[in-house]
Structures are given as structure tokens and as C-alpha cells.
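Single-structure report; data block below.
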There are 2 protein chains.
Amino acid sequence: MSLHEVPTVAPKCGDCPIRHRAVCARCEVDELALLDAIKYYRSFEAGQTVIWAGDRMDFVASVVTGVATLTQTLEDGRTQMVGLLLPSDFMGRPGRTNAPYNVTATTDLLMCCFRKKPFEELLSKTPHIAQRLLEMTLDELDAAREWMLLLGRKTAREKIASLLAIVGRRDASLNLRAPSGRLAFDLALTREAMADYLGLTLETVSRQMSALKRDGVIELEGKRHVIVPDYDLLLDEAGDDSDGGFLV
Amino acid sequence: MSLHEVPTVAPKCGDCPIRHRAVCARCEVDELALLDAIKYYRSFEAGQTVIWAGDRMDFVASVVTGVATLTQTLEDGRTQMVGLLLPSDFMGRPGRTNAPYNVTATTDLLMCCFRKKPFEELLSKTPHIAQRLLEMTLDELDAAREWMLLLGRKTAREKIASLLAIVGRRDASLNLRAPSGRLAFDLALTREAMADYLGLTLETVSRQMSALKRDGVIELEGKRHVIVPDYDLLLDEAGDDSDGGFLV
DNA sequence: CTTACTCCTTGACGTAAATCAAAGACGCGC
DNA sequence: GCGCGTCTTTGATTTACGTCAAGGAGTAAG
């Protein structure tokens, strides 16, 4: 998602342990001071719903720690995850009053929230933050469209490999490393959540995870901790050369 | 996509037959005059490529007439359409230099283009246009995510019905009508293009079109002209109650 | 008119993934 | 320890959709 890149100095926003991606790194000092004045924290337990589709939403927020999912459902209960919020990801829609999807915490979750009204005022006063927000939204749009390619055209195995590549890449970038060679990370998703993201059933996810393990593409410690012996090999399995550049 | 709604007065931008969605209807007079100064037209024949993924892109544009598609492909040729541009739709990415997907004309196509540099200057001078653009991008994001639900969880029949509902709805709104009851429109897509949009094969599309016809949900005149005797029935087949509110 | 092209339809068959079903693994409270 | 919940794995079977293949319909050129 790349703002003006990964943090290279200590975070500035009060006591937040993260750098808010909505803010331009070049001019962060003043704006973060402004943001600081209107922010508050909310925490959620694993499994709790942050907001339901259609609900009034009077804040925008950054994920501080934890993982949340965006999901949509059909009446008969079929559900599709349409986005994944990892630490430093932004959530919110300036100019909108209602949430378009369900947002659910899949781990314990801490969010740094900003009341929408003052945040919007801040936006109109500081056009370069508005511009930054447009860029982030365009990134999200690219990610969503990349995901459409996955959902429409990839095999189950490729889907799993793509998801692992993305989460692994994202995890590496949190540690300021480019993903390559050996990689290990926790996958904060149940098999069912993975299935909902990939448009599969949980059984198929489980089978393909087993297959990737059998073929030496990944190793598993317990159910959630994934070890990738060779990131490039995983990318090959993902079926495209985009190297998971989206959703970063 | 709904700016401050469907045109109710004559278009203002010079000789353009359409209202540019990037411009706020409330304040259009001044901005359209500005836009008028930096615009030019380009036309494409059916089948021609407007721009290739990765190419430098030094303009943004509105579709005046015709239909274009946004597609992504894997190396082995599997392709997925990730967006559809209908008249009045906007295409372009302020702040980006390269096109993220292939854009192809599926009919003869006329675009009203604006050179990117002056357009971006206009944006920074008129924050409410920037805000309008953010809203439009959020709409596109919603549409993409709605499409993810379709790709990941709907059956072939539901996919076809959803596509027809959306195109039909969009066509009706061009004529300032709410879609209901009987509807007739031209589907400017080949069976293959429909398949690429829906993540299916062209044979499956053809079979499901035949099935919908056999079941009286649609009638066909020739290959492309679709008659929907009862729009609500079509919506039922689409499998959700979102009523195709996206991509409008 | 014939030929040739593109696009579409329909059929027969194969297969990847869904569904149905059972049992294992892990954690948590008692 | 034991029971009980949730999550996961694995197997057997079904099915929706893909693949392969043949032919039809419309249109443009000769």
C-alpha cells in the first residue's frame, strides 16, 4: 500500500505504536498533531463484530494490532470476504454515512479511531491528505481487482498459494524486510475464513494446505503457524508474477 | 455511481453529449469551463486496445459513447475482466503514471480525454472535485467488492442474471427510468467477454443464456438484444437483493 | 450464388471442487 | 485425569462447470 514508504523513523502520533497510512510521511508532524486531537481507541475481542453492513458509521480508523475482515453475504448465508485489515490498514469512508460491509475482528483487535466529522474537516483543510486518501483508495481498488482475477480464474491450489504469499509478504514488510527465501508467520485466519476469502469451502482449503505441505512448498507448526522454505517457490505456485504487490 | 444524480438539465461541457461524472452537478458551470480548455477527443474501433497494462498513461477520460472493458490476465492466457466502462464512466488515476489493466473497446468507442497534468492541477485547485473523485473511486471499490461476492459465491445462472440485471439497470438509468417491469437493451458483449467478466467459459454462458430463455426469464432477439419481461424476476434469479445498485 | 469468417449453440464426456460424513487434534474447565 | 467444545483433517461420493468436438447462424467478400 506504500505511502511514502515503510516507516524509517519512530512513529509520531501520540502513543500509537503504528504509523497511520492515511498520513503522508513527508508532512506528518503537523497533521499527526491535528489527528492526535480527535482520536480515541477501541478494542475488540476475537470474533466480535466491529460494525454491521448498513450501520451508521461515524468514525474512520487505523488498525493498531490484530486482524479484521470485511465480508459480504447473500441471504442464504453464502459469504465472501472482500478485504482483510492488517495492522496500519485504514478503514472508513469519508463522505459516506453507512458501512458497506460487515467488519469482524478475527483476533483481538485494537483500532485507533477518528471521529468522522473532524476528520473530514481535516481533509478539506489539508488537500494533500485528501490526495493521499485517494491514492490509498486506488490501491485498494487495484487489490480488489487483483482479487477478482484470483476468484474468477485461479485454481484452488493457486488461490491458497496467493493468499499465503500475500500474508507472508505483508508480514515481512512489517519487519522492514523484502520477502525472499525462508519466511515464517502466523496466519490469523481459520480455515473457514480462508475459504470465505478465496471462494472455496473449508474442506478444499484444508486439502490444499495438506497438499502444499506434502509437496514441500510450506511447513506447518500447529494449525496457524506457516513456514515458507522458499518464497519464490510459493510465488510460482500462485500462478502469476504480480508477486503479491497488492494488499501490501 | 450516482453523482448528484442523473442529468436533469442539458450537458454543459462544450459539445460533449454527456455529463462528466467527475464533476459535481452543483458547481459544474465553472469547472466544466475549466475542463473544456484541456480536453480533446479520441475514438477507437471495436476490438481496438485503448491502453495496455503497464503503459504510461498521460490522460484521464470519460466514455462518451460505446463500451470498453478492463481486463487482467495470467501468463498462460486466462483472463478476467475487472470492470466495464459504459457511457459517462470515468477512467483514470490521478497520481499514477501507469495503467494497471488493459482497456479494450468492445464497440466503437468515443472518449473525452483530459491531459493528466492540467487535470491534476485542476484537482488541487478545486478540492470539491477531488472529493467527488474520491467518492467515485469508493463507488468503484464497492462495485469491485460486490463483484467479488459474485465471482466467489454465485452459481453460473446467478452470475448471468446479475450481469443482465446490472446492464439492464444501467441502460434504463440512461433513459432516466427506474428499472422495473419490461426492459429491453443491447448487450454490447460477446459471449466470451461475458465469460471473462463472470469467471466462466463461453460455453457455460451460452448454456445459461439458453436456460434463462427457456425458463422465460429473458427473451433474445438475435444474439445481443435482450428483452426482460419482468425485471423483478431477473433480480430473483440474481440471488441477492442488492438490486444491482452498484456499477450504476 | 459460394466461400469464408466470426460468433454462437448444443452434445458428450471429464474433472475440480462441493457435499456429506466421520473421526482426529487441540484447548479449556472441572 | 475426563468430558466437551471448536477447529481441522481425511475419505467417499456427487455435481456444476470445464473441455473437447461438431455443427448452425449471421455477415461480408468474391
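These numbers come from a predicted model, not from an experiment. Sequence lines set the chain letters: A, B, ... in the order given, protein chains first and strands last, and positions in each chain run from 1.
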Under 3.5 Å: donor-acceptor pair, side chain of A/Asp76, backbone of A/Arg78: yes
Measure the shortest side-chain to side-chain distance between B/Tyr101 and A/Asp142 over non-hydrogen atoms and say whether it is less than 4.5 angstrom.
yes
Residues at least two apart in sequence or cross-chain that pass side-chain hydrogen bond (donor to acceptor under 3.5 Å, both in side chains) with B/Ser43, listed by chain then number, are none
Rounded to whole Å, NZ of B/Lys223 lies from C1' of D/dA25 at a distance of 5 Å
Side chain B/Asp196, main chain B/Gln80, donor-acceptor under 3.5 Å: no
Q.
With a 6.0 Å cut-off (strictly less than), is the heavy-atom count around CD of A/Glu192, excluding the residue itself, greater than 12?
A. no
B/S/- along nucleotides 13-19 of chain D (protein heavy atoms under 4.0 Å) is ----SSB
Min and max contacting nt of DNA chain C in 5' to 3' order, chain B heavy atoms within under 4.0 angstrom, are C/dC7 to C/dA12
Whole-Å distance, A/Met209 CE to D/dT8 C1', equals 11 Å
Here the distance between atom C1' of D/dC7 and atom CG of A/Leu220, to the nearest Å, is 14 Å
Base, sugar-phosphate, or nothing: which does B/Ser206 touch, judged by heavy atoms less than 4.0 Å apart? base
In whole angstroms, the gap separating C1' of D/dA25 from CZ of B/Arg191 amounts to 13 Å
Applying salt bridge (charged side-chain N to carboxylate O under 4.0 Å, His left out) to B/Arg191 and not counting sequence neighbours gives none
Rounded to whole Å, CG of B/Leu202 lies from C1' of D/dA21 at a distance of 13 Å
* Are the side chain of A/Asp89 and the backbone of A/Met91 linked by a donor-acceptor contact shorter than 3.5 Å? -> no
Contacts of A/Thr201 meeting side-chain hydrogen bond (donor to acceptor under 3.5 Å, both in side chains) (sequence neighbours excluded), chain-then-number -> A/Thr204
Here the distance between atom P of D/dT8 and atom CG of A/Leu212, to the nearest Å, is 16 Å
Q) Between A/Arg96 and B/Asp139, is the closest basic N to carboxylate O distance under 4.0 Å? A) yes
Discussion item. I'd like to know if B/Arg153 and B/Asp240 make a salt bridge, using a cut-off of under 4.0 Å between side-chain N and carboxylate O.
Written reply: no
Between A/Leu220 and the options A/Leu212, A/Val226, A/Leu187, the side chain to side chain contact (heavy atoms under 4.5 Å, CB included) test singles out A/Val226
One would report the end-axis bend of the helix from C/dC1-D/dG30 to C/dC30-D/dG1, five pairs per end and rounded to 10 degrees, as 30°
